[in-house]
Structure formats: structure tokens, C-alpha cells
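Structure record follows, encoded as C-alpha cells.
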Amino acid sequence: MALRAALLKSIWYAFTSLDTEDSGKVSKSQLKVLSHNLHSVLRIPHDPAALERHFSDDEDGPVSSQGYMPYLNQFILDKVIEGTFVKEEVDELCWTLSSKKNYRPDAQRVLSNQDAMRLWCLFNFLADDRYPLTLVPEESEYLLRKVSSVMPVELTCVELEEFLSQDGLSVWSFLDVVNAAGVNRGLDGESIGVAVEKVYREMVGSVLKEGYLWKKGHLRRNWTERWFCLKPGSLSYFTSEDCRDCKGVIEMDQNCCVEVLSDRDGKRCMFCVKTLNKTFEISAPDSRQRQEWITAIQMALRLSAEGRVSLHEELKERRRELREERERRRALRAEETQRLLELQGEREEQLAELELLKEAQRQAQVSLQQEEQRRRSQHEELQKTLQRQLQEAQEARANLRAEVAVRDLEAEHQQRRIKELEDLHHRLQEALEQQIRARQEEETYRYTQTRLLAEEEEKVKSLLALQEDQEEQLQQTQREKQELLQEMERKSQSLDEAQHQLDKVRASRRRVDQDIAAAQRKLRQANTSVKHWNVQMNRLMHPIGPGERRASSSNLLAPPVRIPSVSESESRPPQKPNSLHCENMDCGGNENKEPTDAEAE
């Protein structure tokens, strides 16, 4: 039924375009050409004589749309088989016929013929099945917001209000307004064309989501980037975004499911689509894209399980139900207002009746007072003139008392009636106040709902701004991290150089220690040599006498020599061996002199 209604909308435009005089009728020759073209694009066998047989009673006169509908239903639409033809070809045929009469591009138009046809298809998709086809303001706003959301410049609220002020908008007026808005905002045809194409593929083509993803192969097990296109019944993937070379189709049925996978094989943000026979591993660019794809696939599975072929068909039905619900509520409010007016009229009538009752009560009291005065006068006259008729007067008094009692009962009944009317008046007043409070609460709820929607839009904008700030901070953090890594590398190189210099210093220190040890060994050897030569010189200078001991003289002449330790040698500045040797020689000389003086003495 949905396909039949969509075809009827396009064919209606083609039929009206052939009516050049706007009389509601088209000649048979033109209908023959139109029918032949429809049979061709719908892949239906054409019977040229069927049209003549069907309109044989009309002679050669033109045919109205009501007269063409039975032929269209019987010989064309009843024979249409879904899937055997391309719906876009039917739309292109009907657009070509209707645009020649109603849409003539000029220099002030930014929409190309292809973009105008796509907007025409979107208009027909959202329009109700009432002819002539028009778009309600809510659907016009939805379509404009949908197109402007993917454009670099969005329409303002003032432009939307001016646009939506027209009730029952036709497709040609819609295209003129879109062209005028594009010219006023300075938009180019390319940006509008990209936005219109994306919305057309989403709404008319039933594309839930599309984009590039990485897919793991089943045979070679390598990762390849593919262009994926998700529809309610299938998930197709192509080599590029022109969707010409299809590499495979994943059926979205009850045996299909989607799951999140952990990162592996150098890929991140992975998920898989499981069918009855295969499991397709897919990697998304980031976690947000992965979540969007998983949500879209789950929606496609839900639509497939419910037997729906288009998400926007369901959304359109929901919007239509909401509009009907608003109309019902508006009618109920009108009925409640009418009922309230009726209650107010009844209340006024009851107030008038209450006033009449009060007036009757006052008249009754006046009459009672007059009757009482008359009774008293009669009683006085009877007492003065007729003493003998006392018994009759007493009986008459009793009758009068009974009558007074009856009238008192009537007055009491009237008072009770007045009290009931007053109670009813109070109840009606309370009901009216409750109705007024309910309407005030309803207005408060509406204002609160409007404010919440505005706050939600502001929060969405702030979240988007926060997300951009976070992305900038993340990039700044990455740059700082790279700078820190470079600084650490420079410091590591400096540390290696310092370590190398330290190793050199330690090696030089070891060599110095070795030199000092060698110098100490030489010093000890020199001291030993000095001692030896001192002894020899003493022997030569002092001849040995008889009975003298050699050892005593050698011990007296040899001065005590103190060998410095390694730590002292390191703490003291090194001395030259020659100077040290000279000092030792001087010391030896002095020692040699001392024995000589002793001898002299």
C-alpha cells in the first residue's frame, strides 16, 4: 500500500502537468503517451488497445483524473510488482513532465535540476495522501531542519517562521522558497546539493547509516577498508562511496546480532556482526563511530523484525499520530470550553430562579403579614360584636391556624429549596475554580516543557563546545607529551655524556694512583740507597779502629726514615722525585757532618 500511494503521488503530478488549461481534464493522446511511459518504467506489458476500450464511451473528448483512475488502478498499479522496477526512474519521468510546466530554473535559482527533483521526492514522501498534494507546516519545518542540519549554514528562527506562516504549501512554492533562502544566505549549489543528496538517501533511500569501516576478510584474514551502507533489511559494503562495486551483503534478519569486541590485531574500536553462517569483524575509526554503528544496526534489526522497510515512514506515522492527537486535544478543549459556557448559562438560570424564589418568599411574607393583620382586626370585631359566636370564632381560629401551619410548611420547604440552590451554586463555583486552576496548571506545564526543551538545546550546544575544548586539550596534551619525550631524550644523552666523562675521570684517577704507588716505590728504593751510601761514606770518612763496633756507628749515623701512606700521599701534593732526592742527599750530608764534628771533638 505504501508503494502504491507513493506511485500515485508521482503520477498525479504527471497527470496535472498534461492539463495545460487547468480544466482538470487531459486528452486521450497525451494519456496514451503517459500510460506507455509508465508501462515502460514499471516493467509492465503494455496493451495499447486497453485505453481505447476503457474510454470507448467518452468518444474523443478529454478524460478527467477521476475517469483515468480506474484504468490506472486496473491496468497499471494492480500489475506492479515490487522489486522489478526502479522507483527513481518513475520519479524522474514524472518530474520531467511536471517540471516543464511548473519549475523553470533561472539565474536566481541555486538548486540544480537533480537537487530540485530530490526535494520534490522528499516533499512527496512527507505529504499526506490528500490531493492536491500539500505539506503541513510541521512537516515543512522538519524537512527544512533536516536539510539545514547537514549544511554549513542553518536557517534562523525568523526565516523558519516566515516560511511556516504559509499553510498548505505546494511543492513548487516550497522549491521557490528554498531557492530564495539559498540566494539570500549566499549559499552555493554544491553545498546544497550535498545536503539534499544526504537527506534524500536517508529518507527516500532508507539509508540508516553509511561510511568507511575496516573489515576483516574470511579467506586471507587481512583488513580492508570498505564503504558500508546500512538499510533496514541489509548491510552492504562496497569498494568506494559511489556504491558501484558491491563486495557483499549482510542480511539483517532474526538470526543476526551485533556485539562489541576487544582490541586486537592492531585494530581498535572493534565490533562484529554475527549471522547464521558467518561472523564479520569490523573496526570503526573511534569509539563514538562504533557506538553509532551498533545503535544503527540494532535499529535495523528492530525494523526488520517488525516488517518495516523505512525508519522515516515510522517517524512520519508517529508525527501524523501526534498531530491527530493534538487535534483531538484541541477539540476536547473546545468541547470543555463549550461545556463550561453551558454550565455558566445554567448557573445564570439557577441564579435567576433563585431570585424569583426569593421574591416569592418576600411576597409570601408580605401576604402573611397582611393576613395576620386582617385576622386580628376580624378577631377584635368578633370579640366586640359577637360574644355569642365564640365557638364559631374558635373553630374559625383553628382553621386559620391549620392554614398558617400549612403555609409555614410551604415556607420551610421553600427555604430548604433555597438552601439546596445555594449549595448547588457553591458547588458550581468550586467546579469553575477547579477548571480555572486546571487550565492554569496546563499553561504552567506547557511553559515548563518549553523551557526544558530550550535548556536541553543549550545543554546540547554546551556539550558540543565542551567536546571541542576537550579535543583541543587532548591535542595540546599530545604536543606537550612529545616535547617532554624530546626533553627526556636530550637529558638522557647529557646523562650518557656525563657518565662517559665520569668513567674517564675514574680511569685517569686510577692511572694517577698507579703513578703515585710507583713514585712511592722509587722513594723507598731511594731511601734505601741513601742509607747504604751514607754507611759507605761514614766508613770511608772514619776508619775503623780496633775494638769498635760497626753496628753502633751505623745505627747512630742512619736517620729514621718515615714512609708516607697512600692516603697521605693522596692528600699531600705530589713532589718531584729530584727535589726529594736532593733533600735526602742534604740530609745525608748533614748526617755525615755530625760524625765529623764528633771526631773533631
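If you read the sequence from its start, that first residue is 1, and numbering goes on from there. As the structure is a computational prediction, the values presented were derived from the model and not from experiment. The figures here come from the full heavy-atom set of this structure, side chains too, leaving out hydrogens, waters and symmetry mates.
- For W227 and Y212, the ring centers are positioned less than 6.0 Å apart.
- Remark: S262 pairs with R264 by the side-chain contact (heavy atoms from CB on, under 4.5 Å) rule, at least two apart or across chains.
- Seen from the ring of W214, K267 counts as a face-on cation partner, given the 6.0 Å and 45° thresholds.
- Using a cutoff of 4.0 Å between basic side-chain nitrogens and carboxylate oxygens, R302 and E306 are scored as salt-bridged.
- Ring centroids of W120 and Y13 are separated by less than 6.0 Å, placing the two rings close together.
- Ionic pairing of E321 and R318 is not present here: no N-O contact between side-chain nitrogen and carboxylate oxygen is shorter than 4.0 angstrom.
- Under the 4.0 Å criterion applied to side-chain N and carboxylate O atoms, R333 and E336 are not assigned as salt-bridge partners.
- R288 and E292 are joined by a salt bridge, as a carboxylate oxygen and a charged side-chain nitrogen come within less than 4.0 angstrom of each other.
- Between E457 and K461, none of the side-chain N atoms (NZ, or NE/NH1/NH2) sits under 4.0 Å from a carboxylate O, so this pair counts as no salt bridge.
- Here Q254 pairs with nothing under the side-chain contact (heavy atoms from CB on, under 4.5 Å) rule; sequence neighbours left out.
- E324 meets the salt bridge (Lys or Arg N to Asp or Glu O under 4.0 Å) test with R320; sequence neighbours excluded.
- A cation-pi arrangement is present between R118 and Y200, with the terminal nitrogen or guanidinium carbon under 6.0 Å from the aromatic centre and inside a 45° cone about the axis.
- Defined by atom type and a distance below 3.5 Å, a donor-acceptor pair is missing between the side-chain atoms of N277 and T275.
- With no hydrogens or angles considered, no side-chain donor-acceptor pair links N37 and S40 at under 3.5 Å.
- With no hydrogens or angles considered, a side-chain donor-acceptor pair links Q476 and R479 at under 3.5 Å.
- In plain terms, the two heavy atoms of L230 and W293 that are nearest each other are CB-CZ3, 4.0 Å.
- Here E327 does not pair with R323 in a salt bridge; the nearest charged N to carboxylate O distance is not below 4.0 Å.
- Of the charged side-chain nitrogens involved, at least one lies within less than 4.0 Å of a carboxylate oxygen, so that R4 and D78 count as a salt-bridged pair.
- Taking a cutoff of 4.0 Å between a charged side-chain nitrogen and a carboxylate oxygen, E455 and K459 do not qualify as a salt bridge.
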